[in-house]
Protein chains: 2
Amino acid sequence: MRDAEGAEPDKSRGRRPTMEDVAARAGVSRALVSLVFRGKPGASAATRERVLRAADELGYRPDNAARLLASDRSRTLGVMLTVHQPFHGDLVEGIYPEAERLGYDVLLSATGPGRDERKAVEALLGHRCEALILLGPSAPAEHLDELGRRTVTVVIGRRAPGAHVDTVRTADAKGIRQVVDYLVELGHRDIVHIDGGRAPGAAERRRAYRAAMRRHGLGDALRIIPGDHTDEAGIAAGKTLLAEGRMPTAVLAGNDRCAMGLMHALRSSNVEIPRDLSVVGYDDVHLAHLWPFDLTTVRQNADGLAQHAVRCAVDRLEDGTVPPREILLEPKLVVRGTTGPPPDGRRG
Amino acid sequence: MRDAEGAEPDKSRGRRPTMEDVAARAGVSRALVSLVFRGKPGASAATRERVLRAADELGYRPDNAARLLASDRSRTLGVMLTVHQPFHGDLVEGIYPEAERLGYDVLLSATGPGRDERKAVEALLGHRCEALILLGPSAPAEHLDELGRRTVTVVIGRRAPGAHVDTVRTADAKGIRQVVDYLVELGHRDIVHIDGGRAPGAAERRRAYRAAMRRHGLGDALRIIPGDHTDEAGIAAGKTLLAEGRMPTAVLAGNDRCAMGLMHALRSSNVEIPRDLSVVGYDDVHLAHLWPFDLTTVRQNADGLAQHAVRCAVDRLEDGTVPPREILLEPKLVVRGTTGPPPDGRRG
DNA sequence: GCGATCTACTAGAGCGCTCTAGGACCGGTA
DNA sequence: TACCGGTCCTAGAGCGCTCTAGTAGATCGC
């Protein structure tokens, strides 16, 4: 009965080696092993070598939990993302290398159906992340403010007015203005905006659209179809437009996915893009370049956003006196194949 | 000089409350607080209530690092994914709820440029994950075997012959066979396969294609274009076919992305889909339904794969005697708009 | 009125690290 | 010889939890 070791789960796999084991094997103290693994000075080259060899032979791997617990710093950044936003993928790919360069670890936590932002963030905090990087959070500014006062927090992709957080985003207003200017230049007057509803950045894009239209004296032609930053919203908007029977000459979608949904919905109609309708997206997600028609869109500099976000977080972690910043990156209109002059007879 | 508190990073933010603080405030011992937070019996309802209130007032949140360190179990599953594989997104969305249901935490670690699989896995192990769930790893079977002997490991989406790991995947051979049967039934004979090279699952799909073609007496018509599970591979294959000037009547791509790339490359040619060429993908990724032409493809049951993977991991964690399993899920041919009969005069 | 048996709780060791304080030994200097 | 400053190393406390062993007090049977 006493020997029923096998019954206990996992005992068979054996305890993994600890720093103590490495120390014993290398014939030094635990503290010295610690020094070596942290790359701190205070160990001779020979000893260092001996320790590393011993560790390697034992298959030793430092235990993060213990390390976290013992040190006051965790050097870990928590990233909240939505696993189905391709643009978030672009951002994550930029965050990893920058964090590594600065000596930080990265933990990802995804939102999704049945897992809201609060839950995702709690998970990160529970793992001792020192700072949070939130990709396009939809939480209200007050909530972000509360978070920001508890932990260093960086928000990517939207404004968070009044909240004690860094924000890193594209100058959306400028991007939208570029699009409207470009469309007007082509001769468009009847330019509709499918907005992003309450999605991150949507409010500002909406505002910028209104302002730009007015600036061109098109205040009357201004029209916003309520939407969202999803394919479904684009499809719905497309159906709406078809049902009305009166197409605008250009549509400025809330983001690329929405633009894609729109084009999808129009696919089986007799509306041809860009002959009858110009369509512009926003984001320039990686996958967009695969579209059968190249989407004209506004590029957000994902790598730039990612790098700035990491640096904001680290700067504030390493110097508690630095206040949160607001960083704006330049958008860039990328003209491809879904835009052109309006059909004859409908010029501005 | 002695009061230069503010100079130290983050000291200003103040120590976060510990179990000790909660215990003091509730007037009980630390151990009792621990009991309450773990939902274990041994505390009266009244005390339980008092403890929870105290914790709430202090904004207490249990520290995972300490919890991990103290208990022998971490109840954490580590998931390795490629952040730009939409299908991985589908899987992650299935993994979270199932893990939560079983009382496990999930940690994500992404591969990407500059961050290979080894690195991603190391990160997970360093955070004390008890089990690894690898989404379509490309590591050789021996490497997986090594990992699997160190930690409970589940591989999703490919075979790992001889490796001490669970594998959960779709019966690819069956899926491919269904596609070939369907295409032959439509009258196709000239069916080309763009393969996935060394990508997960690719070898089996390739084999299944060969077998299916032979079974229909089409061994001579058999042709494989070397590729990959990326858009680029599809584009390249498209260019190859165009350059040759002799189109097959149907193409079976390695996966949806590859199929999309292919169609993208053919878009400006005079090859019309499905009139001149039928195209079939594989995976049925979420985004596929947005395609201007609905892609005929083979659906993998992402939720099913995710759930089985989590259960495999948990089963083996909780009972060390359970051996690794190999689970096969049924694929399902989803016929949409990119396939049809071959052009007249090219029937089989 | 005594031990037995609950329930409700506490003490204290220990998880695998980090980090401060300090010790041993060296060559050089007064 | 005594002392210094430097390099290389060790001892030991403690991070915030979990968990085993045990205690205090109520309830109960006889």
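Treat the numbers as computed from the prediction; the structure is a model and nothing was measured.
Interatomic distance, CG of B/Leu134 versus CE of B/Met80, reported as 5.0 Å (0.5 Å rounding). Distance check, rounded to the nearest 0.5 Å: OG1 of B/Thr153 to CD of B/Glu146 gives 11.0 Å. Atom-to-atom distance recorded for B/His127:NE2 and A/His127:NE2 is 8.5 Å, nearest 0.5 angstrom. For the atom pair CG of A/Asp105 and CG of A/Leu77, the computed distance is 8.0 Å after rounding to the nearest 0.5 Å.
In this structure, the helix from C/dG1-D/dC30 to C/dA30-D/dT1 shows an angle of 60° between the axis at its start and the axis at its end, each fitted on 5 base pairs and rounded to 10°.
The closest side-chain donor-acceptor pair between A/Asp166 and A/His308, if any, does not fall under 3.5 angstrom. Of the N and O atoms on the side chains of A/Ser74 and A/Arg67, not one donor lies less than 3.5 Å from an acceptor on the other residue. Counting only N and O atoms by type, the side chains of B/Arg38 and B/Ser34 include a donor and acceptor under 3.5 Å apart.
In this structure, B/Glu100 and A/Lys119 have side chains that are in contact, with non-hydrogen atoms separated by less than 4.5 Å. Proximity of B/Leu102 to B/Val310: side-chain heavy atoms (C-beta onward) are separated by under 4.5 Å at one or more points. Side chains of A/Ser109 and A/Arg115 form a contact here, defined as non-hydrogen atoms less than 4.5 Å apart. In this structure, the side chains of A/Ile95 and A/Leu135 come closer than 4.5 Å at one or more pairs of heavy atoms.
Residue B/Arg61 places its CZ atom among more than 12 non-hydrogen atoms of other residues, nucleotides or ligands, all under 6.0 Å distant.
Within residues 61-71 of chain A, the residues that place at least one heavy atom under 4.0 Å from DNA chain D are, in residue-number order, A/Leu69, A/Ala70. A heavy-atom distance below 4.0 Å to DNA chain D is reached by these residues of residues 36-48 of chain A, ordered by number: A/Gly42, A/Ala43, A/Ser44, A/Thr47. Within residues 17-29 of chain B, the residues approached by DNA chain D to less than 4.0 Å at the level of any non-hydrogen atom are B/Thr18, B/Met19, in residue-number order.
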Chi angles and distances behind the salt bridge (Lys or Arg N to Asp or Glu O under 4.0 Å) call for B/Arg73, B/Glu130: CA-CA 8 Å; B/Arg73 299 286 317 269; B/Glu130 291 185 304; 2.4 Å; yes
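Between chain A and DNA chain C, the heavy-atom contact criterion of under 4.0 Å yields a 5' to 3' nucleotide range of C/dG16 to C/dC19.
When the options A/Arg50, A/Glu57, A/Glu20 are evaluated for a side chain to side chain contact (heavy atoms under 4.5 Å, CB included) with A/Arg25, the one that passes is A/Glu57.
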Without placing hydrogens or testing angles, list every side-chain donor-acceptor pair under 3.5 Å for residues 137-145 of chain A, not counting sequence neighbours.
residue	atom	partner	partner atom	Å
A/Ser138	OG	A/Glu117	OE2	3.0
A/Asp145	OD1	A/Arg149	NE	3.2
A/Asp145	OD1	A/Arg149	NH2	3.3
A/Asp145	OD1	A/His164	N	2.8
A/Asp145	OD2	A/Arg149	NE	3.2

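Note: CG (A/Leu32) to C1' (D/dC8) measures 8 Å, nearest angstrom.
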